[in-house]
Amino acid sequence: MHIFAEKAGMTRRQFLKGSGLLAVTVIVSGIFAKIGIDAFAAGDNYIAQRAAGLYSLDEKMALRKSHENPEIIEIYREFLSPGEEKYLSAKAHHLLHTKYGKNIPAFIEELKAPGQNENSHEAA
Amino acid sequence: MSTAVLNNGVIHVSDQCKACDHCTSICPTGAIQGRLGEKHHIEIRKCINCGQCLINCPFGAIDDFSMVNERIRKALDNPHQFVVVQEAPAVRVALGEEFGLAPGTNVKNKMYAALRKLGFDKVYDTEFAADLTITEEGTELIHRVFNALGVPGFEHAGPLPQFTSCCPAWVKYAEDNYPQILPHISTAKSPQQMFGAVSKTYLAEKLSLDPGTIYSVSVMPCTAKKYECDRPEFIASGYKDVDAVMTTRELAQMIKTAGIDFVNLPDERADQFIGSSTGAATIFGVTGGVMEAALRTAYEVLSGEALGKVDFQAVRGLDPVREAVVEVPVKALGGKTLPVSVCIVTGTRYVAPIIEDVLADRSNYHFIEVMNCPGGCINGGGQPIRRDTY
């Protein structure tokens, strides 16, 4: 009978062996977790750094509003709406706007045969 | 050939694929097929060419279609072609990473110098076209708002809310999945395409060139821009708006192949007529930037007053969905204040509920910015790959 009887408690040696294994497991998994967290943080970090780069460039620019760009003023006054600064002028609409999805095939035909359907651009 | 991108897509899985399945969790449209342990492939019809799988593949097993040898080098070598180049805002704060500089370092002026050394006849800037996008798209928004308020003379303007149209991955996603939402997308072309159209018309006039000899190249942080440039409708000038696109990575490779000592290049400026820009254009490269740029201009146009503080902190940040309300006094309404309600989405996987709200008439937004890549173009599929994050 005594062959199957378990000895109560554990020896000092068994305790040290068990707690040592547990400690090593905790430390090793902690190191892996730290590597994972750092990699994740680094992954986000370079995106934030690139964003910060653009915002600091914006702050350093002499002009910070699109409609104040002198070359934008010039392209409207000389080319897109001669003599004035008219956004969405007919020429601007023709060159700078487009259509989507199922409207594209007819739009391409219209661009290839100009003049036949000039006022259709208002419908989106 | 120009149909290559449209028929075969920009993004391809190579034989290096280890079938780890990481890309399927990144893809915003579920376009990547293949079981764990099986080489994956991309379903062209679902793929929006964003390249997020490419920059996130741990094995570098995903490639993008290159136009460098077949188009760009041939144009540069052809003495009869006048080759002009534009570079997107996000390129200038990431290109330096390929030459050992920290992310976010501004290398704009060295980039202009490098492009001249590579043989481009004139070096301009996509930021000019971003400013042009704001005057066009911002005005379109104002017209839609006036139409909704019943102001006479704006009956032909489209419905609210208006969605941005700069991101070709987002536009293809909408066309593929939500055709009913298309009237809400701004009709303004993206800055890349606007630049192309202007380069073959206004610039040709200014430089007294035959537009047929102008070859328009762009440097983009984006793989979807390659698909966009080959879409067949971009021919309003009588010529293809943009002839070829290279990514930030491909420009770095060209600079290295040419043996150019990039970090020691002198600082140069962009060329005249379509090369200057404002800070509003610079922030197009980060999520919320198009919104902020549009608000700066729309506020001044609507109120007739100068904006004291141009920073709209409320629209900044890297969260995938953000919203804000901006009070704008409207001169045309006798100074009545209009609360302009805006939303910013970065990551196409987050946009469906917002579209559903618009289609069900539950949305109160006036203007919605959508960028496919998390963080905006700065994290685009054409940007330097950060292997240090694995």
Side-chain angles (χ1 to χ4, degrees), chain A residues 38-72 74-76 78-80 85-88 91-105 107-108 111-112 114 119 121-124, chain B residues 89-90 93-94 102-106 128 131-132 134-136 139-140 143 156 158 171 175 179 182-183 185 187-189 193-194 197-198 201-202 205 232-237 273-274 276-283 285-286 289 293 296-297 300-301 307 310 318 375 378-379 386 388-390:
Chain A
D38 285 354
F40 188 75
D44 271 3
N45 197 25
Y46 71 84
I47 300 170
Q49 284 176 287
R50 289 173 185 168
L54 286 182
Y55 284 123
S56 97
L57 248 177
D58 167 33
E59 276 177 28
K60 287 181 204 142
M61 300 286 260
L63 296 172
R64 298 182 63 194
K65 296 167 219 160
S66 297
H67 57 288
E68 292 179 349
N69 181 339
E71 287 186 346
I72 292 292
E74 194 178 340
I75 194 175
Y76 280 102
E78 289 192 15
F79 180 71
L80 294 172
E85 232 179 297
K86 188 172 183 281
Y87 307 148
L88 286 184
K91 199 166 190 177
H93 215 295
H94 174 68
L95 288 174
L96 308 179
H97 290 254
T98 190
K99 293 190 180 185
Y100 304 110
K102 65 173 172 39
N103 293 331
I104 290 174
F107 179 54
I108 293 172
L111 290 174
K112 285 181 174 167
N119 294 321
H121 64 246
E122 287 292 353
Chain B
V93 289
T105 308
N106 167 33
F128 167 83
D131 280 333
L132 194 55
I134 288 302
T135 54
E136 289 295 311
T139 308
E140 183 187 355
H143 286 194
H156 295 294
V171 169
E175 288 180 323
L182 297 175
I185 298 184
T187 62
K189 288 182 186 177
Q193 299 304 129
M194 284 200 184
V198 162
T201 54
Y202 175 63
E205 272 184 36
E233 69 271 28
F234 293 123
I235 49 164
S237 67
F273 301 127
I274 54 172
S276 73
S277 58
T278 69
T282 302
I283 55 174
V286 56
R296 290 179 190 177
T297 286
E300 293 206 348
V301 171
L307 195 57
V310 300
L318 294 173
I378 47 173
N379 188 32
R386 306 294 304 195
D388 54 344
T389 63
Y390 295 107

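These numbers come from a predicted model, not from an experiment. Below, read A as the first sequence line, B as the second, and so on, with proteins coming before strands; counting in each chain starts at 1.
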Aromatic ring pairing B:Y202/B:F273, orientation class (parallel under 30°, perpendicular over 60°, tilted between): perpendicular

Side chain / backbone / both / neither for A:E85 at chain B, heavy atoms under 4.5 Å: neither

Toward chain A, the part of B:T201 with a non-hydrogen atom under 4.5 Å: both

Single hit among B:E136, B:H143, B:E140 for side chain to side chain contact (heavy atoms under 4.5 Å, CB included) with A:Y87: B:E136

Contact winner vs chain B - A:I75, A:L80, A:L57, heavy-atom pairs under 4.5 Å: A:I75

Option in A:R64, A:M61, A:E68 with maximal non-hydrogen atom pairs under 4.5 Å from chain B: A:R64

Segment of A:A51 engaging chain B (4.5 angstrom heavy-atom cut-off): both

B:F234: ring pair (Phe, Tyr, Trp, His ring centres under 6.0 Å) partners, not counting sequence neighbours: none

Listed partners of A:K102 passing side-chain contact (heavy atoms from CB on, under 4.5 Å), at least two apart: none

Most contacts with chain B, counted as non-hydrogen pairs under 4.5 angstrom, among A:S66, A:A62, A:G53: A:S66

Residue part contacting chain A, namely of B:Q193, when any heavy atom lies under 4.5 Å: neither

Contact origin within A:F107 toward chain B - heavy atom pairs under 4.5 Å: side chain

